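Below, chains carry the letters A, B, ... as their sequence lines are ordered, and counting in each starts from 1. The basis for the numbers below is simple: all heavy atoms, side chains too, and nothing from hydrogens, waters or symmetry mates. Given the structure is predicted, the values throughout are model-derived calculations rather than measurements.
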Amino acid sequence: MRWSDFYLFTTREDPADAEVVSHRLMVRSGMLRKLAAGIYTYQPLGWRSMRKLMEIVRRELEVAGCVELSMPAVQPAELWQESGRWQKYGKELLRFEDRHQRGFCFGPTHEEVITDLVRRDVSSYRQLPLSLFQIQTKFRDEIRPRFGLMRGREFLMKDAYSFHADGDSLDEAYRALHDAYVRIFEACELDYIVVEADSGTIGGSSSHEFMVLADTGEDAVLFCKGSGYAANVEKATTRLAPPPPLPALEEPEAVDTPDAGSIGAVTKLLGVEPAQTVKTLVYESDKGFFAVAIRGDRTINEIKLKNVTDSLWIQLAEAPEVERLTGAALGYAGPCGLPDEVQLLVDESAAALQSFVCGANRTEVHLRGVQWQRDVGRSRTVDVLLAEPGDPCPRSGQALEGCRGIEVGHIFKLGTVYSSAMGCTFADENGQEQPMEMGCYGLGIGRTVAAAIEQNHDDDGISWPLPLAPFTVLLAALNPKDEAVVRTAEELYEQLRRAGHDVLYDDRDERPGVKFKDADLIGIPVRVVVGARSLEAGGVEFSLRSDREKRIVAVDELLAEVGAVVGGSSRV
RNA sequence: CGGGGCGUAGCUCAGCCUGGUAGAGCGCACGGUUCGGGACCGUGAGGCCGGAGGUUCAAAUCCUCUCGCCCCGACCA
């Protein structure tokens with residue numbers, strides 16, 4: 001491709017509204033342009049990288065036995081009402097009506113559509129298992145789109161769905177997709193880890209996320225090198241060591257604790273460790289009020305809390321509400337003697353304490369020597385603890401390490417959640433009707449490309465991993481008025497093209513400095529510069545974006561040099 | 001939705017506090033000098049100062065309302 005024929009316009013200045021590197025560089029390099037919040041045009045250069053990734057994804061999914069199809073972006077409300085998600089999905093689901101006032105939404109995901117398709121076509125165990133995928137534009141009306149392609153509203157996603165007669169078959173497909181994802185991210189040369197994940201509104205049992213490691217990642221991950229355990233903090237568990245026990249008392253003792261509405265103040269006043277106390281927080285949800293008791297030094301994981309309470313939404317109750325329910329000022333809530341309308345949940349970390357200090361549900365009073373069995377009413381023990389770096393690994397007991405990641409892939413075992421709700425059934429060997437076991441497997445196309453930039457850039461611009469580079473070779477003719485330079489460059493351009501290389505030929509009438517700066521910015525892996533100076537030195541200048549070490553290569557050896565780095569043809 | 005910030009030329013921004021009728025750099029066009037790391041000189045085009053209302057002799061500037069965008073939080077494949 002000749003630059004002069006291509007559609008590629010770089011900018012010198014950073015865009016005012018871009019924060020993270022990938023967003024900034026994609027805009028500056030002419031890959032991406034915002035149309036509205038979270039909605040972008042992929043300019044030709046950006047689209048080429050997306051296409052490279054899509055080809056890798058297609059290749060590996062087909063190896064894993066998936067078949068490509070394409071489903072509508074606009075979906076009828078009835079399907080979503082049938083699965084129950086028309087109510088459940090919230091404001092992220094972009095809903096609208098057609099001219100006949102029929103309800104529609106712009107698909108944020110396609111479980112309903114695919115389940116509807118398969119239930120119409122498939123009726124026997126003999127037709128199973130099946131795996132289908134598409135690469136398609138989704139829309140989620142995110143509360144806060146940000147970071148360019150990392151969290152857009154409209155975005156490209158590869159989504160795959162599998163259908164099975166039994167759980168073993170689902171396990172098999174799940175593993176096959178897992179392995180395909182591994183091959184995809186390996187092929188992209190990305191640094192990533194696979195973590196256990198919360199399954200969110202999609203629902204279902206088992207779930208793993210593929211995280212590209214990056215400090216700008218939106219997700220926090222905990223992992224243990226010893227055991228291989230790795231989980232999103234939303235999901236991560238730990239095995240906390242109990243604190244030194246406090247002496248048992250005959251009965252709880254009320255202590256005046258003026259101005260001690262926080263764990264810090266209470267522990268100071270009573271001379272105990274935060275870990276020897278229990279703090280109680282009151283939550284409000286669509287399932288009513290919950291008091292959550294957790295060890296005083298720890299934080300509640302609200303994702304886990306939402307899951308264990310099976311609620312659509314849950315949030316800390318407002319102060320007046322808390323005061324009404326506990327009969328005490330904020331900061332003095334405790335597990336003893338709560339009204340019936342409040343359900344008590346006790347985190348395992350708190351349940352493990354034999355004798356502890358907690359709020360008395362009386363303003364400026366705490367209790368000490370409280371014991372669960374003896375002093376606290378009906379409660380449910382749950383895991384709602386936010387695990388933190390340094391906590392013991394649930395498998396090996398070694399300290400967990402923390403890092404941040406960009407979620408680029410997420411795979412779920414859905415079980416029969418959708419097939420049951422929507423009557424996607426088959427006849428088994430005995431002629432009995434059964435709901436199909438389902439899996440679903442997402443992979444963010446734009447997000448992966450953005451993640452690749454987060455991981456591969458420097459102060460001057462992008463440094464593409466070869467497989468995702470929009471072009472693999474940049475050929476620059478430095479002085480387009482110098483006949484020898486132009487002749488050599490044109491000849492090399494033809495040679496490289498004929499050899500099947502994806503070559504961008506910078507034939508613009510620009511000063512050398514501009515060409516070099518642009519070359520660094522757009523980050524094509526292999527750079528070949530033809531200039532009067534290089535010709536004098538006996539050839540053309542050859543360098544890699546990754547190290548930028550330049551050397552002169554004879555014109556007739558260039559093809560071999562490029563081939564040695566790039567391999568064979570790489571065109572999209 | 002809560003908190004904070006920003007909307008002025010294609011882009012990045014100054015001007016606003018203290019009202020007097022529009023600026024810079026980059027980019028663009030033309031001419032000249034340059035030509036291996038975002039050149040220089042000259043000339044020029046380009047703005048309903050996000051929108052609506054108000055105050056005022058006079059509003060980019062002050063007030064009210066609105067729309068859009070960004071950041072933090074809650075939320076999310």
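- Among the heavy atoms of the strands, none lies under 4.0 Å from D159(A).
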Do any N or O atoms of the protein come closer than 3.5 Å to N or O atoms of nucleotides 28-30 of chain B, and which pairs are they?
none

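- Checking U34(B), A74(B), C75(B) against the side-chain heavy atoms of R511(A) singles out U34(B) as nearest.
- R144(A) has no side-chain polar atom (N or O) that falls below the 4.0 Å cut-off from OP1 or OP2 of A74(B).
- By the 30° and 60° cut-offs, the orientation of the rings of F471(A) relative to F6(A) is perpendicular.
- In this structure, the side chain of N232(A) does not engage the main chain of K235(A) through any donor-acceptor pair within 3.5 Å.
- Ring-plane geometry between F9(A) and Y7(A) is classed as perpendicular, the angle between the planes exceeding 60 degrees on a 0 to 90 degree scale with a lower cut at 30.
- Ring geometry for Y174(A) against Y441(A) counts as tilted: the plane angle lies between 30° and 60°, on a 0 to 90° scale.
- In summary, of the residues considered (T11(A), D460(A), T10(A)), a side-chain contact (heavy atoms from CB on, under 4.5 Å) with L521(A) occurs for T10(A) alone.
- Note on K158(A): nothing from the nucleic acid sits closer than 4.0 angstrom, heavy atoms only.
- Nucleotides U21(B) and G3(B) have their C1' atoms positioned 37 Å apart, rounded to a whole Å.
- Here C11(B) presents its C1' atom at 9 Å from CZ of R33(A), a figure rounded to the nearest Å.
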Could you list the protein-to-nucleotides 40-45 of chain B atom pairs, N/O on both sides, closer than 3.5 Å?
none

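- Counting heavy atoms of neighbouring residues, nucleotides and ligands inside a 6.0 Å radius, atom CD of Q315(A) exceeds 12 of them.
- Pairing for G53(B) is with C63(B), a Watson-Crick or G-U wobble pair whose two hydrogen-bonding atom distances lie under 3.5 Å.
- Nucleotides A22(B) and C48(B) are separated by 13 Å at their C1' atoms, to the nearest Å.
- Scanning atom types as modelled, no donor and acceptor separated by under 3.5 angstrom connect the side chain of R12(A) and the base of U12(B).
- Side-chain N/O atoms of E13(A) and base N/O atoms of G27(B) include no donor-acceptor pair closer than 3.5 Å.
- Here the separation of U43(B) from G25(B), taken at their P atoms, is 12 Å to the nearest Å.
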Hey, can you pull the donor-acceptor pairs under 3.5 Å for the side chains in residues 527-542 of chain A, sequence neighbours left out?
| residue | atom | partner | partner atom | Å |
| --- | --- | --- | --- | --- |
| R527(A) | NH1 | D520(A) | OD1 | 3.2 |
| S534(A) | OG | G531(A) | N | 3.0 |
| S534(A) | OG | G531(A) | O | 2.9 |
| S534(A) | OG | G539(A) | O | 2.9 |

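- Using N1 to N3 plus N6-O4 or O6-N4 for Watson-Crick, or N1-O2 and O6-N3 for G-U wobble, each under 3.5 Å, C28(B) pairs with G44(B).
- Using a 4.0 Å cut-off between charged nitrogen and carboxylate oxygen, K34(A) and D17(A) count as a salt-bridge pair.
- Here G73(B) presents its P atom at 16 Å from CG of L316(A), a figure rounded to the nearest Å.
- Residue order along RNA chain B, read from the 5' end via each residue's closest nucleotide, puts L35(A) first among M157(A) and L35(A).
- U33(B) and A39(B) make up a base pair, with Watson-Crick or G-U wobble contacts both under 3.5 Å.
- Contact annotation for I303(A): backbone-only contact, meaning every heavy-atom pair under 4.0 Å involves sugar-phosphate atoms and none involves a base.
- Contact check, R146(A) against G73(B): a side-chain N or O comes under 4.0 Å of OP1 or OP2.
- Partners of V182(A) by side chain to side chain contact (heavy atoms under 4.5 Å, CB included), not counting sequence neighbours, listed by chain and number: H178(A), E186(A), Y192(A), F210(A).
- Between D17(A) atom CG and G7(B) atom P there is a gap of 14 Å when expressed in whole angstrom units.
- The base of C76(B) is paired with the side chain of R151(A) by a donor and an acceptor separated by under 3.5 Å.
- The residue G442(A) sits apart from the nucleic acid: no heavy atom pair falls under 4.0 Å.
- For C63(B) and G20(B), the P atoms lie 15 Å apart once the distance is rounded to whole Å.
- Applying the side chain to side chain contact (heavy atoms under 4.5 Å, CB included) rule to D286(A) yields the partners S311(A), L312(A), W313(A); only residues at least two apart in sequence or on another chain are considered.
- Residue-environment remark: CZ (R33(A)) stays at or below the threshold of 12 foreign heavy atoms within 6.0 Å.
- With sequence neighbours left out, R511(A) forms a salt bridge (charged side-chain N to carboxylate O under 4.0 Å, His left out) with no residue at all.
- C75(B) is unpaired under the criterion used here, namely a Watson-Crick or G-U wobble arrangement in which both key atom distances are under 3.5 Å.
- Nucleotides A14(B) and U33(B), compared at atom P, are 38 Å apart to the nearest Å.
- A residue-by-residue look at G38(A) and S534(A) shows that S534(A) has its nearest nucleotide of RNA chain B further toward the 5' end.
- Closest to the L521(A) side chain, of the nucleotides C35(B), G38(B), C72(B), is G38(B).
- A22(B): no Watson-Crick or G-U partner with both key distances under 3.5 Å is found in any strand.
- Applying the 3.5 Å distance criterion, the base of G36(B) shares no donor-acceptor pair with the side chain of N479(A).
- Rounded to an integer number of Å, the gap from OH of Y40(A) to P of C69(B) is 10 Å.
- Look at K306(A) and you won't find any side-chain N or O under 4.0 angstrom from OP1 or OP2 of A74(B).
- Taking the ring centroids of F290(A) and Y283(A), they lie at or beyond the 6.0 Å cut-off.
- Counting any heavy atom pair closer than 4.0 Å across all strands shown, R527(A) reaches a base atom.
- Going from the P atom of G27(B) to that of A74(B) covers 42 Å, rounded to whole Å.
- Residue F155(A) is classed as a base contact, given a heavy-atom separation below 4.0 Å to a base.
- In this structure, K34(A) reaches the sugar-phosphate backbone alone: every heavy-atom distance under 4.0 Å involves primed, P, OP1 or OP2 atoms, never a base.
- Comparing the same atom, P, in C62(B) and in C17(B) gives a spacing of 5 Å after rounding to whole Å.
- Look at CD on E209(A): it is 12 Å from P on C76(B), rounded to the nearest Å.
- W3(A) has its CH2 atom 12 Å from the C1' atom of G38(B), to the nearest Å.
- Listed nucleotides C70(B), C1(B), G38(B) differ in distance to I143(A); the shortest reach to its side chain belongs to C1(B).
- Ring centers of W80(A) and Y89(A): under 6.0 Å apart, within the cut-off.
- Among the nucleotides C70(B), C71(B), U12(B), the one closest to any side-chain atom of A16(A) is U12(B).
- For E234(A), taking side-chain heavy atoms from C-beta onward, the closest of the listed nucleotides G38(B), C76(B), C70(B) is C76(B).
- When the C1' atom is compared between G5(B) and G42(B), the two are found 41 Å apart, to the nearest whole Å.
- Rounding to whole angstrom units, CG of residue N307(A) and C1' of C75(B) are separated by 14 Å.
- Taking 3.5 Å as the limit, the base of G38(B) and the side chain of R28(A) contain a donor-acceptor pair of atoms between them.
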